[in-house]
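In what follows, chains carry the letters A, B, and so on, assigned in the order in which the sequence lines appear, proteins first and then strands, with residues in each chain numbered from 1. Quantities reported herein were computed from a predicted structural model and do not represent experimental measurements.
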Amino acid sequence: MHGNLEPIILSRTGTMTARKSLVISLYFAIAFTISPMFSFAQAHEQEEKSLQEAEEEFNATDMIMHHIGDAHGWHFFGEGDSSVTLPLPVILYTDGELVTFMSSEFHHDTEGQHIVEKDGMRFVNLHEDIYKLDAGAETIEFDEEHHPLNASKPWDLSITKNVAAMFLTVILMILFFSVGLARHHKKNEHAPRGFNNVLETLVLFVRDEIALPQIGEKKYMKFMPFLLTVFFFIWITNLMGLLPGAANVTGNIAVTVSLGLFTMLIMIFNGNKDFYKHTFWMPGIPTWVKPILAIVEGLGLLIKPAALMIRLFANITAGHIIILSLIGLIFILENAGIAGVSVPFALFITVLELLVAFLQAFIFTILSALFIGMAVEEHEHH
Amino acid sequence: MDLITPEIGLFFWQTVVFLILMFLMAKFAWKPILNSVRNREQSINDALASAENARKEMQNLKSDNEQLMKEARAERDAILKEARELKEKVITDASEEAKVKADKIVADAKRSIELEKQSAMAELKNQVAELSVEIAEKIVRKELSDKKEQHQMIEKMIGDAKLN
């Protein structure tokens, strides 16, 4: 294993000197030599535990899903009743009625045991899905596949952990750009200093490297608000998602679906005659090919933003899963020594995620700009 | 909560929050920032253009100056040349005139000398003639007293006249 690891590390850090790589090799060698000792020590103390048994005690999948999923409260640390959680408002819409209460009323229960009574209706939190018990039902009942039998899902418009994190991004963006940079620009037109200069450079980066080359000088201004907002929203949210205990907003499919839809709608509504002609009746090809191409291109209208949506979701979620898996390894193997390997690895992936956070924001924005640019492009008529 | 099933609630919030954020940012952040940046870029471009213009003007001015200098120098040279030529001409003219005058003076002098000489000669001749006549008269008066001598004299005079 040691032999396999070294090339990976070396290839990741191409400029690393021989001395540094030697130090790191030694580190891993020691870590891997010591870690089995811990295992053996434990094996002597207790009966040999199979990997499956260990996994049952600590369910890594549940842990990971819990961390990357949405929740009705913002959980920071602790277990059960002693956990420290920021309660968030639960907003439900059912039978023409709006029901609201704080998530703390569930008392950290996500197994559907604790029933909250509100306005004569009974609600339970089952794996962070809120169910409304049917009239007269006292406890929730399940079928063989653990699906509730006597409960239904109301419309859930709660301020969940992800929504709260989203608000945080909004506040940060308004602070950074409206209160910070824009106020500077209202006062004078000189180049700003310090943090405002960083922000302005980023704004100009979006304008000069994303909007201008993809959309062109004539029409880019119209799309700048969307591109800038989406870029900074995704980036800041990505970065916030890397903080411990933070929400996984951009790694949530609902969020990326919404963002992708924005791109699609902007693309569709701003598409000019040429664009639709090239999409549904491509000139310059045999007539019998045209309908086939129309289907392909028409599907492309949906697939392009769908690809954006899946890329962002998958990249961010994957990054979180890798980090959580590496940390989870310590608990699965019940071996503190493995931390010597998995913590540096998790750190390395986290640093990589810092890059991915920017990269995904950049890719989402530049592809959005590209699609919009394709839709508004003026074709030269031959 | 399923990983790949979009939650309606979150989708709703994301859409609403994003729309509001986009409009707020467009109005209170992006527009002022982009406008100000564009103004600044415009002013930088203008400044650069005017600097370039100034540089060109300077160059023009410099070349104008050089042209002027060149012209001035050429004019000076021309004036000098002209002056030199004039001087030469004046000198030549003067010397020629002087020569002519001198020649004329000389010629006049010669002529007057000639005239003087001639008149002097004529007077001399007259004087000589008068003198000769007087002498002759005297001689004749004296000599005519002697016949022999008269003959001799006549002979001699005839002889002289023949020689002339």
**Prompt:** Does the A/W155 side chain pair with the main chain of B/G9, one donor and one acceptor, at a distance under 3.5 Å?
**Reply:** no
**Request:** Report the relative orientation of the aromatic rings in A/F232 and B/W30; use parallel for angles under 30°, tilted for 30 to 60°, perpendicular for over 60°.
**Result:** parallel
**Request:** Select, from A/I253, A/N162, A/I174, A/N252, the one with the greatest count of heavy-atom pairs under 4.5 Å involving chain B.
**Result:** A/I253
**Request:** Under the side-chain contact (heavy atoms from CB on, under 4.5 Å) rule, what do A/M166 and B/L10 come out as? Steps first, then yes or no, please.
**Result:** CA-CA 10 Å; A/M166 208 186 294; B/L10 188 56; 3.8 Å; yes
**Request:** Quick one: closest heavy-atom pair of A/S258 and B/T15, and the distance?
**Result:** OG-OG1, 3.1 Å
**Request:** Name the option with the most non-hydrogen atom pairs under 4.5 Å to chain B; the candidates are A/L199, A/V170, A/L228, A/I159.
**Result:** A/L228
**Asked** Are any non-hydrogen side-chain atoms of B/E7 and A/E128 less than 4.5 angstrom apart?
**Response** no
**Prompt:** Is it the backbone or the side chain of B/E41 that comes under 4.5 Å from a heavy atom of chain A, or both, or neither?
**Reply:** side chain
**Asked** Looking at A/F167 and B/V17, what are the two nearest heavy atoms and their distance?
**Response** CE2-CG2, 3.3 Å
**Message:** Is the shortest side-chain heavy-atom distance between B/V37 and A/L204 below 4.5 Å?
**Reply:** yes
**Prompt:** Is it the side chain or the backbone of B/S43 that comes within 4.5 Å of chain A heavy atoms, both, or neither?
**Reply:** neither
**Message:** Can you confirm whether B/E85 is buried at CD, in the sense that more than 12 heavy atoms of other residues, nucleotides or ligands lie under 6.0 Å from that atom?
**Reply:** yes
**Item:** B/A29 to A/S178 - nearest heavy-atom pair and separation
**Value:** CB-OG, 3.7 Å
**Selection from A/V230, A/L261, A/T317 maximising heavy-atom pairs under 4.5 Å formed with chain B** = A/V230
**Request:** Report the option among A/M224, A/H184, A/E200 that has the most heavy-atom pairs separated by less than 4.5 Å from atoms of chain B.
**Result:** A/E200
**Fill in**
In terms of heavy-atom contacts, A/H185 and B/P32 come closest through CB-O, 4.2 Å
**Residue, of A/H66, A/M173, A/R183, A/K186, that accumulates the most heavy atom pairs under 4.5 Å with chain B** = A/M173
**Request:** Considering only heavy atoms and a distance below 4.5 Å, find which of A/A182, A/A254, A/S158 pairs most often with chain B.
**Result:** A/A254
**Request:** Examine whether an atom of B/F28 lies under 4.5 Å from a heavy atom of chain A, and if so say whether it belongs to the side chain, the backbone or both; otherwise answer neither.
**Result:** both
**Prompt:** Considering all heavy atoms of both residues, which atom of A/F177 and which atom of B/M25 are nearest to each other, and what is their separation?
**Reply:** CB-CE, 3.5 Å
**Item:** pair B/L19-A/F262: side-chain heavy atoms closer than 4.5 Å
**Value:** yes
**Under 4.5 Å from a heavy atom of chain A, the part of B/L34 involved** = side chain
**Message:** Tell me whether the count of non-hydrogen atoms from other residues, nucleotides or ligands lying under 6.0 Å of CZ in B/F23 goes above 12.
**Reply:** no
**Complete:** Between B/R40 and A/P192 the two heavy atoms that sit nearest each other are NH2-CD, 3.6 Å
